[in-house]
Structure formats: structure tokens, C-alpha cells
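Note sheet for the following structure.
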Protein chains: 2
Amino acid sequence: MSIFAGQGDAGRSMALLWAPRARATGSAPGPKPTLSVEAIVEAGIAVADADTLAGLSMRTVAQRLGRSSMALYTYVPGKAELLDLMYDRVHAEMPPARDPDGGWREAVTAWAGELWSLYLRHPWVVQVSYARPVLGPNEQAVLERLVGILYGAGLDAGTLRGTVTALFHFVRGTAQTVAEARLAATATGVSDQEWWAGRSALLGELAPDFAERFPMSARLAGETAAGHGDDSAQEPPGDEAAPYLERQMDRTFTVGLAILLDGVEAAVGREPGP
Amino acid sequence: MSIFAGQGDAGRSMALLWAPRARATGSAPGPKPTLSVEAIVEAGIAVADADTLAGLSMRTVAQRLGRSSMALYTYVPGKAELLDLMYDRVHAEMPPARDPDGGWREAVTAWAGELWSLYLRHPWVVQVSYARPVLGPNEQAVLERLVGILYGAGLDAGTLRGTVTALFHFVRGTAQTVAEARLAATATGVSDQEWWAGRSALLGELAPDFAERFPMSARLAGETAAGHGDDSAQEPPGDEAAPYLERQMDRTFTVGLAILLDGVEAAVGREPGP
DNA sequence: GTTGAACTCCTTATGGCGTAAGGTATCATC
DNA sequence: GATGATACCTTACGCCATAAGGAGTTCAAC
């Protein structure tokens, strides 16, 4: 199960991202194109959604379009650039900024929740490296919305940058955990709960001194199980849509986000706006 | 430039991680092994450090040991499991917990800083997926240290979990940014500053209306450049070890961490110890 | 000693991948 | 009709992980 983080020729990616239809003007020699960058990107997204990034190859994408793999190279420089395009395109699903009725905190919470659910709709997105940003217009818009909210809250540039980074990584990281848990569940047919049970049984065998070597971790595991084990037992058993780990991650997401925003609130209080 | 996040047979990985030397007892038929899991893992780390995860293949690792690729399969089930072992092994470099003289906040700051620099020593580590945790003893120890600090601060299990998640993802995410920036710099021979200059020049051509479409982002870019551009101009020019983006990320790391810890502090204040 | 099992390590082969190279068919223009 | 641009194809190369099976090495048991 190998996963890719693509970085192609940044210049080519940017040109495709920011400058649409180079040959839109009607008449040109040669046969009419029967494909388009857009169609290829959409096919790529469909493949990745269905099959994870490991299943994404030029061949599989082309197959979905009834073409040979080499046909794609007429439209797209290569696989890395295709991935860049897919990545940005998916961010177009993010809802636009709304009027900030409830203050910045509510706005940021909404932003984070919407990004989180976008990542869960397209789990492969969080595997794409975000380190050397080939920022396309759609991801830029997502960022713009957050930056707008935080400037509205009265942060200075330095604090804002730190906040954006922390928020972004937090959402991405937690989403990745859930995404891969889901993936593992569907791929292996083993539910989270079963998987974790098996895992800890194995660990009990291999490292019977675990609780002594790692007392704090053991305590945390115990308190987590105790605190919410009953909780989950009360759950109506028919609903399998939100398995154990997923609900726990949901809680962790909410709690972690609240902590982060408490920290931002402290910063806002310290410097009372422009 | 494709990067892998390995998840092999978790059972096999765990056995190798937690139960060392299955055949340590002296006498067994067959030729003496001239290799060892340990040696292979070390070679793998050396390859990854030098060449990124993209350059890590069974062949390259074997080559470094003067063996054929298939020889490795005697010791290690496959590439995915090897990566699991490499990942955990590297966490052994983390310094152990120290006595918390300066309170939990200082302790967490030290923890985060040390993890951050570990990630920068082995940039490939942050590309390895941490979602389905094949927790080895060394990574467990890193976690144990953090959990111990936070329990000492008086957090309850739920808050603690959220804090750990947020901290972990924050450190990892920021480190990844710097790591890949370095990588791009050495791989292409283009410095961060040059790269960004080229990038924004290209963006100015492709999207001349950027500032209108994304006013907040433009403002942030402007204020960041203004606020610290002079700062960097005052820098002694001889030192190339900490280029522009890296210093900026350092600042972002510090600021973001402070914000996060402010949030934790609020939570600590709310529930005054056990 | 000799044998046979266990073990290490090798060569070879399979089926994937991205994509370079070069061929052919299709079209607008001259 | 010829020209040249374009879309799409087939083929091939050099990677990759790893399955299969063979050759050599070392021990315990006889």
C-alpha cells in the first residue's frame, strides 16, 4: 500500500492551474481533441476516490476514458502534474465564505469542519504533499477564507501565520487518521474495533510489560476506554456508519480544535484589534 | 518524485518491532547469517537520508550491503515492513524525558523542539503515514514522554488526547514543510528565495488579478515580506545554513506552538488538577 | 563420517509502473 | 492536392516489488 505525494514541474502545473483553455479559439489544424484536461482530471479524481492513490496510474485513468495511457500526455505533462491538478480541483468543493454572524470563532470552526469533511470525501487528498505549495486557485480560495476570518479577528501577520499553519496541519492530520482507518476497514474487511482488539492482544503477547514500560500511555488507554466504553455501548447498534474509532476521532477533532481556538482567543485578547 | 507511506502486514511488523532476536540462541543448522534485521534497517535509513524515500528500493538497500535485493527477504518480509522498522528505529534518537524543572509548558516546548529537529535530520520520516499506527517501542516512548508531561499538568483524558493530536500534527506538518523545502533546494540547486521569487513572478503573469481575487492573502504576503524583509537583510550574508524560508518556518513554528500551548493553559486553568 | 534438514543467498521471471520514440490518421490551410 | 499541425496509437526501455526455485553452507542426529 504505497501512497504518492506528487510534485511535478511547478511551472507547467501553475500554467495549467491558472491559465485555462490555451487553444479555446475555434479553428486549428489537426483532428479535434476528444478529451480535455478537465475530463482527465475528473477521471483521475474518480479513480483515486474509488481506488486510493495507489490505484492511480496513467493506464487506469486512460482506461476509464477509453483511451491509451499515452493519449493523456497530449493534455497533461505527466502524472505528477495531473496530481497537482486533481488536488486543486477537489478544493473547489469547499463552500464559499459566509457572513460571519457568530464571530470569528464560529467561522473558523465552520471552516475547519467543512475542510475536514472534504478530506473525508476524498481521502487521497491528504496524502498529497503540501510542503512545496503549487497553490492553485481553488486551494488559494480556501486559504483566503481562513485568512480573512483571522484578520477580521484582529490578529497581526505573525500570529496569523502561526495560526493558519497550526489549523491547517491539525485538520489535515486528523482527517488523515480517519481516512486511513476507513480505508483499512474496507480493504481488509476488519472493523476498527476488531482491528484494535487484535492489535492490543498481539501487543499483550509481545510486550507483556507494556504497562510498566509505558505507564502514562497505559493510563490514557485505560481512561479512554473507561470513559467512553459505556457511552458506545449505549449507542443504537444498527448504525454502522460511524464506527468506534471514527467517533473517537470526531471527539478528538472537536476537543483539539477548541484548544487551538482557545489559544487564538488568548492572542486576540492580547492585541485588541487594529 | 513520489513518496511512500508504508503499511505492511501489521502483525509481522509488530513482531519484528517488539520481539527482537528470534534466533539469538547460538546453534542452528544452515550457514551463519551475514546480515541482520538491524543492519538492513540501518542501511535503509542511510539510503533514505541520502536519497529521499523515492530512492529507497530493495535494490538500493541491498546494494549498500553488497547483497542482492532478494537476500533481504530472508530477514524482512517486504519493503513496507522494512519502512515500519526504519520509522520506529529513528525515534530512538529522541532524547529521554528530563526532570520537569520549568513546568509542563517548558517541557512540552522542549519535546516539540526535539521532535522537530529529529524530523529535520530524517526528512523522510514525515512522509511515512502515521494514520494506522504500527506503534513500535521507540515511537511509543516519544508519545509516553508527552503524555506524562500533560498528565502532570493536570489534564483529563479527553483534553489530553486532543492536545496530543494537535501537537503531534503541528510538529509533523511544519517539519514537513521545511524538510521538503530543503529537499527541493538541494535537488534543483535553486534556493528557497529564488524559487519563491520565480514562483510569484510566474503567478503575477498568469494571474495579474491575484490581489483583487485574494485580497487577504495578498495582504498577508505583503505584511510578512515587509515585517521581516529588513530583518533578513540585516543578517550576515555568509551564513547559508538557514535560508529565508527556513527562518520564517522557524518563526511560524514558535508562534504556532505558543498559540497551541496558550490553549492548553486555558484548559489547565479550567480544571485545576486531579 | 555421512546424511538430511534447515538456512542463506542467488538467478530468473512476472507483471506492474511512467514515459520516450516514433508511426499513422485527421484536419485547416494554402 | 500538398503541407504541416495535432491527436492518438503501438512499441519499447528501464525501473520497481516480489514469487519461484536452485545452489551452496552448516548443523544435529545417526
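- Looking at A:Thr174 and A:Thr177, their side chains never bring a donor and an acceptor atom within 3.5 Å of each other.
- Side-chain N/O atoms of B:Ser68 include one lying less than 4.0 angstrom from OP1 or OP2 on C:dC10.
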For nucleotides 26-30 of chain C, print each protein N/O atom paired with a nucleotide N/O atom at under 3.5 Å, atom names and distance only.
from	atom 1	to	atom 2	distance (Å)
C:dT26	O2	A:Pro31	N	3.4
C:dC27	O2	A:Gly30	N	3.0

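- No hydrogens or angles considered: nothing links the side chains of B:Glu81 and B:Ser13 as a donor-acceptor pair under 3.5 Å.
- Rounding to whole angstrom units, CD of residue B:Gln63 and P of D:dA17 are separated by 12 Å.
- Put simply, CG on B:Leu82 is 10 Å from P on D:dA17, counting in whole angstrom units.
- A:Trp124 and A:His122 have perpendicular rings, their planes meeting at more than 60° on a 0 to 90° scale where under 30° would count as parallel.
- In this structure, the side chain of A:Thr52 does not engage the main chain of A:Ala48 through any donor-acceptor pair within 3.5 Å.
- How far CG of B:Leu82 is from OH of B:Tyr73: 9.5 Å, rounded to the nearest 0.5 Å.
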- [ ] For nucleotides 12-23 of chain C, just jot down a letter per nucleotide in 5' to 3' order: B, S or -, based on protein non-hydrogen atoms under 4.0 Å.
- [x] -----BBBBB--
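- Aromatic ring orientation, B:Trp18 versus A:Phe210: tilted (interplanar angle from 30° to 60°).
- Side-chain contact of B:Arg67 with B:Thr34: a donor-acceptor pair under 3.5 Å is present, judged by distance alone.
- Ring-plane geometry between A:Phe168 and A:Trp111 is classed as tilted, the angle between the planes lying from 30 to 60 degrees on a 0 to 90 degree scale.
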